[in-house]
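By convention here, the first residue in the shown sequence is residue 1. Side chains are part of it too, since the values below use all heavy atoms of this structure and drop only hydrogens, waters and symmetry mates.
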Amino acid sequence: MIRISEVSVGDELPPLTLRITRADLVRYAGASGDFNPIHWNERFAREVGLPGVIAHGMLTMGMAARIVTEWAGDPGAVVQYGVRFGRPVPVPDDDKGALVEVTAKVTKVLDDGTVKVNVTAAFEGKSVLGGASALVRLPA
């Protein structure tokens with residue numbers, strides 16, 4: 001577990017590559033109750049103007065948070081996390097899925113023992129989550 005004394009503004013967290021497959025979409029739909037056909041029906045997704053089936057925004061958001069929880073060493077250390085959904089993540093119907101590249105950087109170290117971490121998630125080089133940041137409480 002990382003300590004607040006070991007953290008400085010500008011520190012980069014170890015990058016994370018996420019693979020999102022159609023099987024992940026099925027599991028997430030079942031767990032969340034979000035059975036919107038844009039997340040499983042190719043024909044419907046294209047009819048409404050999408051490039052195909054897309055990942056749930058909340059699934060992408062949650063998976064991207066792993067960069068922070070793995071770095072902190074404790075998921076409970078994250079006291080706040082928020083994003084804006086930017087672009088969809090199309091998930092092909094194959095065994096490879098979609099790759100989302102996640103990076104993060106410490107932008108503030110606060111006197112109360114928390115740090116602000118900005119998170120970037122990109123699919124095919126384009127950001128899919130806007131304004132993503134976490135507030136993390138680290139031990140002294």
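Side chain of Arg46 to main chain of Pro51: a donor-acceptor pair is present (N/O by atom type, distance under 3.5 Å, no hydrogens or angles). A distance-only check finds no donor-acceptor pair linking the side chain of Thr114 to the backbone of Leu110 [under 3.5 Å]. Looking only at distances, no side-chain donor or acceptor of Asn36 sits under 3.5 Å from a matching main-chain atom of His39. Using modelled atom types, one side-chain atom of Asp11 and one backbone atom of Ser8 make a donor-acceptor pair closer than 3.5 Å. At least one donor-acceptor pair under 3.5 Å links the side chain of Trp40 to the backbone N or O of Phe35. Under a 3.5 Å cut-off, the side chain of Asp94 and the backbone N or O of Gly97 do form a donor-acceptor pair. Using modelled atom types, no side-chain atom of Glu70 and backbone atom of Ile67 make a donor-acceptor pair closer than 3.5 Å.
The shortest side-chain heavy-atom distance between Val115 and Ile4 falls under the 4.5 Å cut-off. With contacts defined as side-chain heavy-atom distances shorter than 4.5 Å, the pair His56/Thr60 does not qualify. Inter-residue side-chain proximity for Leu138 and Ile2 is flagged as met; some heavy-atom pair is nearer than 4.5 Å. Side-chain atoms of Leu135 and Tyr81, non-hydrogen and from C-beta on, never get closer than 4.5 Å to each other. At least one side-chain heavy atom of Ile38 sits less than 4.5 Å from a side-chain heavy atom of Val48. Under the 4.5 Å side-chain criterion, counting only non-hydrogen atoms from C-beta, Phe85 is in contact with Met61. With a 4.5 Å cut-off on side-chain heavy atoms, Val100 and Ile20 count as touching. Side-chain atoms of Lys105 and Thr103, non-hydrogen and from C-beta on, never get closer than 4.5 Å to each other.
With values rounded to the nearest 0.5 angstrom, Arg66 atom CZ is found 5.5 Å from Leu18 atom CG. In this structure, the separation between OG on Ser133 and NZ on Lys108 is 9.0 Å, given to the nearest 0.5 Å.
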Q | Verdict with supporting geometry, Thr69 and Val78, side chain to side chain contact (heavy atoms under 4.5 Å, CB included) | A | CA-CA 7 Å; Thr69 61; Val78 177; 3.9 Å; yes
Q: Carefully, step by step, assess Trp71 and Val106 under the rule side chain to side chain contact (heavy atoms under 4.5 Å, CB included).
A: CA-CA 11 Å; Trp71 170 76; Val106 174; 4.1 Å; yes
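Linking Ile, Leu, Val, Met, Phe, Trp and Tyr residues whenever their side-chain heavy atoms come within less than 4.5 Å leaves Phe123 and Leu99 in two separate clusters. Hydrophobic clustering, with ILVMFWY side chains joined whenever heavy atoms are under 4.5 angstrom apart, keeps Val53 apart from Leu50.
Contact detail for Pro139 and Met1: the closest heavy-atom pair is CG-SD, 3.5 Å. Heavy-atom minimum distance, Ile54 versus Pro88: CG2-CB, 3.7 Å. The two residues Thr17 and Glu101 come nearest to each other via the heavy atoms OG1-OE1, 2.8 Å.
Crowding of Asp112 atom CG: a count of heavy atoms from other residues, nucleotides or ligands under 6.0 Å exceeding 12.
Under the 4.0 Å criterion applied to side-chain N and carboxylate O atoms, Arg22 and Glu42 are assigned as salt-bridge partners.
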